[in-house]
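Please read the structure below before turning to the comments.
We use all heavy atoms of the structure for the numbers below, so side chains are in, but hydrogens, waters and symmetry mates are not. If you read the sequence from its start, that first residue is 1, and numbering goes on from there.
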Amino acid sequence: MTDKIVFNPEGSGGGDVCIANISPKERQIRMRFGITQLAITLVILTVLVALDVNPLWRLPLFFMFSAAAAGYFQAKDKT
């Protein structure tokens, strides 16, 4: 049976039911991707800071951090 998550921010009455739409294996894959992407991004950031590269070169790392966050939150939210 699929786990159900009830979303009700007010805390009163019934809430909307959210059914997980990805398997536990897929959640594990997304979590692994998020953690790996975060580690790679942190290594690149460390190298850029250590080499005193122009700070504008750090700007593209935002997209890598975003991909890491997306993988992590998709795994946690089961979506």
ILVMFWY network linking I35 to F73, side-chain heavy atoms under 4.5 angstrom: yes
According to a 4.5 Å side-chain heavy-atom criterion applied to Ile, Leu, Val, Met, Phe, Trp and Tyr, with indirect links allowed, do V49 and F65 form part of one hydrophobic cluster? yes
Name all residues meeting the side-chain contact (heavy atoms from CB on, under 4.5 Å) criterion together with [X]; count only those two or more places apart in sequence or in a different chain, and write none if there are none.
{"X": "E26", "answer": "I22, S23, I29, R30"}
{"X": "I44", "answer": "I40, L48, L61, M64"}
{"X": "N54", "answer": "L56, W57"}
{"X": "A67", "answer": "F33, Q37"}

L42 versus T46, closest heavy-atom pair with distance: O-OG1, 2.7 Å
Hydrophobic cluster (4.5 angstrom, side-chain heavy atoms) - remaining members for F62: F63
Measuring only between side-chain heavy atoms, which start at C-beta, is K76 closer than 4.5 Å to R27? no
